[in-house]
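Below you'll find the structure, written out as structure tokens, and then a few comments.
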There are 2 protein chains.
Amino acid sequence: MSEHQPVNPEPDLRELFATHHLRCTRQRRVLYGALMATDSHPTADHLFQELSRRDHSISLATVYNTLEAFCRAGLAQRIATPSGSARYDASVHNHLHIRDENSGVVADVPEDLGKRFLDAIPREVIQQLESHLDFDIRELKVELVGRYRPDMRQ
Amino acid sequence: MSEHQPVNPEPDLRELFATHHLRCTRQRRVLYGALMATDSHPTADHLFQELSRRDHSISLATVYNTLEAFCRAGLAQRIATPSGSARYDASVHNHLHIRDENSGVVADVPEDLGKRFLDAIPREVIQQLESHLDFDIRELKVELVGRYRPDMRQ
DNA sequence: TTTGATGCAAAGACTTTGCATGCTT
DNA sequence: AAGCATGCAAAGTCTTTGCATCAAA
């Protein structure tokens with residue numbers, strides 16, 4: 001559904017970037033646009049190829065550097081994967097990921113389901129962990145690893 | 001406490017390896033011994049250096065290949081990290097990790113605390129996720145990201 | 001005008017592979 | 001004896017960096 005929605009080449013990013021002290025360049029606009037437009041957690045190379053195909057010229061080094069800048073600014077998030085190349089994600093609110101063991105693909109758990117999961121964790125369990133470990137928990141990363149069920153339709 | 005416990009150079013690994021269809025070589029024994037003996041989730045290079053220091057000669061390529069063999073056999077687990085190099089873990093039962101944002105170091109959450117956390121998640125929330133996503137959840141990876149509290153002792 | 005961003009190529013970090021040799025089974 | 005493991009070096013992948021040029025503020 002959201003698979004091939006067109007990338008708006010110039011969303012209202014000026015303000016967003018300004019807020020985060022990022023210069024608003026063409027490359028940053030199209031890169032962030034592409035990252036926002038997908039929920040497939042692309043790798044740097046995915047994004048590079050996607051933008052090249054769309055004639056939005058950008059160099060691979062800039063893709064890497066810019067994604068890194070987005071992450072520092074809190075506009076994106078890097079997801080480490082077992083397969084070597086990092087994947088990126090424009091939405092930064094706490095959410096869960098599912099990872100398909102077969103393909104390595106990472107996807108988001110829909111907000112409401114994720115919230116239900118997080119809300120189910122009793123606060124005192126978190127506090128117990130924090131005090132026992134002497135650790136401030138700032139973020140909970142949860143990944144559901146498994147595989148999609150076979151499609152049973154004939 | 002378990003920081004510097006001596007690595008038993010020849011634990012009873014013959015059987016373990018046999019069960020998992022792994023040849024029992026000197027390199028595999030010392031490598032698995034070293035991995036078992038620590039809870040610091042070492043990188044391949046950590047292990048290589050540690051063993052080299054102990055005169056347990058092994059090549060870096062063999063460390064990589066052998067860790068990969070352990071993972072395939074289910075005797076170890078590879079943890080992807082944001083910083084590039086993978087970390088390894090000999091214990092494979094479901095457990096939680098904490099990651100220090102400052103140092104990048106990953107550590108285990110003690111079994112009992114982890115269990116308390118996992119047990120706090122209602123089964124029906126999991127089932128809800130599975131049916132909504134049409135996905136079989138085989139493993140739950142949870143990482144508590146944050147930082148250790150400053151030591152207040154004077 | 002100043003400062004930071006971009007692009008290119010080169011370097012760097014981490015990991016895997018090809019192949020000859022050696023050790024386990 | 002057969003077959004997998006090892007070690008080395010080379011190749012591969014992914015990412016970062018140096019530096020000259022260019023664009024945003």
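Letters A, B, ... mirror the listed sequences (proteins, then strands); counts begin at 1.
Note on B/T62: every side-chain N or O is 4.0 Å or more away from OP1 and OP2 of D/dA5. OP1 or OP2 of D/dT6 has at least one side-chain nitrogen or oxygen of B/R28 nearer than 4.0 Å.
When heavy atoms are screened at a 4.0 angstrom cut-off, B/D45 is found touching no nucleic acid atom at all. Using a 4.0 Å heavy-atom cutoff across all strands shown, A/T43 reaches no nucleic acid atom at all.
Comparing A/N65 and B/A61 by the nucleotide of DNA chain C whose heavy atom lies nearest to each, the residue mapping closer to the 5' end is A/N65.
With rounding to whole Å, B/E68 atom CD is found 20 Å from D/dG12 atom P.
Listed by residue number, B/R78 are the residues of residues 69-83 of chain B with a heavy-atom contact under 4.0 Å to DNA chain C. Residues of residues 15-27 of chain B having a heavy atom closer than 4.0 Å to DNA chain C, listed by number: B/R23, B/C24.
Centroid-to-centroid, the aromatic rings of B/H41 and B/H46 stay 6.0 Å apart or farther.
Taking every side-chain heavy atom of A/S85 into account, D/dT15 is the closest of D/dT15, D/dA5, D/dG7.
Contacts between chain A and DNA chain C, taken as any atom within less than 4.0 angstrom of a protein heavy atom, begin and end at C/dT3 to C/dA9.
One finds no salt bridge joining B/K115 and B/E111 here, because no Lys/Arg side-chain nitrogen approaches an Asp/Glu carboxylate oxygen to under 4.0 Å.
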